[in-house]
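Below is one structure, written out as structure tokens; comments come after it.
Counting convention: from 1, in listed order, for ligands and their atoms alike.
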Amino acid sequence: MDLIEKIHNKTEYRKHKKVVLAYSGGLDTSILLTLLQDLGLQVATVTVDLGQKEYREQGMAEARQKALKLGAIDATVIDGKEEFAQDYVTPAVHANCLYQGTYPCSTALGRPLIAKYLVQEAEKTGAGAVVHGSTGKGNDYLRFEVSVKALAPQLEVLAPVRDWQLNREEELEYAVEKGIPVPIKKTGYSVDANLWGRSVCGGSIEIEDQEVPTDALDWVKPLDATPDAAQVLTLTFDAGTLAGAELDGTKMLHSGAALIEALNRVVGNHGIGIIDQIEDRVIGLKSREYYECPAALAVIAAHADLEKTCLPKELNQLKMTMDQKFAEYAYGALWHSPVMDATRAFMDATQANVNGWVKLKLFKGGMHVIARKAPDGLYQRVHATYGRNSTFDQRQSAGFGALYALSTTTARHPHWMTQKNQEATVHATA
Ligand code: ARG
């Protein structure tokens with residue numbers, strides 16, 4: 001059965017005369033663009049550049065032209081890179097955001113911003129619904145759904161790939177029929193990319209007991225092609241926010257989104273940035289995921305190190321828990337939810353003193369912090385030194401040691417104290 005026939009009786013979308021489609025310019029969303037028109041809807045598209053390499057190479061204008069050619073009533077292109085870097089990536093750095101300890105949430109952070117632009121466009125064009133191309137299996141449909149509802153509850157969120165259970169074969173047939181260009185080179189991967197990382201899933205990545213082939217890589221060099229000499233990357237932070245970088249002592253002349261893009265190249269060049277994991281999706285489904293996030297891993301490693309220098313012990317401890325919650329909420333589609341506002345307020349209250357630099361050594365797939373300096377950090381060598389002239393009088397620790405051991409001693413030997421006291425009394429009266 002061909003696709004037009006299949007969706008013909010899917011009338012529930014028809015109540016919306018006009019919809020806004022999140023349009024990447026790729027095959028899937030191009031198919032959606034024409035399919036929705038086949039149903040009789042007017043479609044306005046929104047294409048958002050959050051730092052996808054494809055847009056750097058082809059330009060956003062091309063996506064716009066393509067949308068208009070395929071019949072969009074309006075095709076808006078938005079350069080969201082700086083907003084993404086400032087309002088999404090920066091808070092994630094403050095929170096050392098790593099879902100399950102490993103994934104910097106790159107895709108997860110991009111969706112709520114795309115949702116925001118979709119809502120803006122819907123309000124501008126008077127559309128009743130927004131449409132995205134995510135399936136009902138991953139997490140992305142939840143991020144669109146929750147974000148749009150948080151911002152504009154009157155808008156409906158349509159997910160045709162999920163609702164109509166579209167499959168690859170019928171999509172390709174339809175594309176040919178409609179004259180939608182089909183990419184020649186097909187790896188079978190589903191890719192989502194932005195400044196903060198590149199997520200690759202599907203295809204051979206689903207086979208969890210096999211190494212992912214190098215054709216899945218785009219940002220990270222395979223180890224046999226990386227430089228034979230190490231490089232030292234110095235990252236500088238101002239109130240927890242990345243403020244500059246030096247490579248082997250030479251200042252990198254970028255800032256904002258461009259600096260993150262440059263870091264992806266520098267760090268990825270050393271074979272660093274791959275994350276290969278079995279991941280718990282929001283609904284609890286486990287999936288094998290593959291990511292390239294060179295800049296994110298480097299910036300978070302440096303930021304987390306600097307925080308240890310700058311924050312007092314109890315705050316560092318609490319922050320580890322809060323960092324984890326932040327990542328769970330970011331991953332779990334709750335970016336625009338009140339719990340995230342509160343978590344972000346906590347993060348904001350912790351960053352004022354996180355100033356200084358951290359040096360990372362990059363070599364053959366490995367990255368290590370090798371030095372750091374925080375001008376108003378809390379590390380005081382004169383206190384901590386084991387050498388002569390320490391300013392900290394360690395004799396103070398004797399009483400503390402005895403008291404600190406009390407709880408453990410009592411628990412392990414409940415009667416020991418009483419026995420000792422009795423013996424002492426016997427001695428005294430003898
Ligand atoms: N599992 C990741 C997440 O939920 C990545 C999803 C990537 N999406 C894609 N279409 N490749 O954030």
Kindly assign one of parallel, tilted or perpendicular to the pair Y99 and Y331, based on the angle between their ring planes and the thresholds 30° and 60°.
parallel
Only one of W196, W219, Y103 clears ring pair (Phe, Tyr, Trp, His ring centres under 6.0 Å) with Y291; which?
Y103
Carboxylate-amine/guanidinium contact E83 K116, below 4.0 Å
yes
I'd like the atom pairs linking ligand 1 to the protein - N or O on both sides, separation under 3.5 Å - with distances to 0.1 Å.
residue, atom, partner, partner atom, Å
ligand 1, 1 (N), E279, OE2, 2.9
ligand 1, 1 (N), E289, OE1, 3.0
ligand 1, 1 (N), Y291, OH, 3.0
ligand 1, 4 (O), N139, ND2, 2.8
ligand 1, 4 (O), R143, NH1, 3.1
ligand 1, 4 (O), R143, NH2, 2.9
ligand 1, 8 (N), D140, OD2, 3.4
ligand 1, 10 (N), S190, OG, 3.1
ligand 1, 11 (N), S190, O, 3.2
ligand 1, 11 (N), S190, OG, 3.2
ligand 1, 12 (O), Y103, OH, 2.7
ligand 1, 12 (O), R143, NH1, 2.9
ligand 1, 12 (O), R143, NH2, 3.1

Is the W335 ring parallel, tilted or perpendicular to the Y88 ring (thresholds 30°, 60°)?
parallel
Do T90 side-chain atoms and T241 backbone N/O form a donor-acceptor pair below 3.5 Å?
no
Keeping to residues at least two apart or across chains, list the ring pair (Phe, Tyr, Trp, His ring centres under 6.0 Å) pairs with something in residues 232-256.
F237-H303
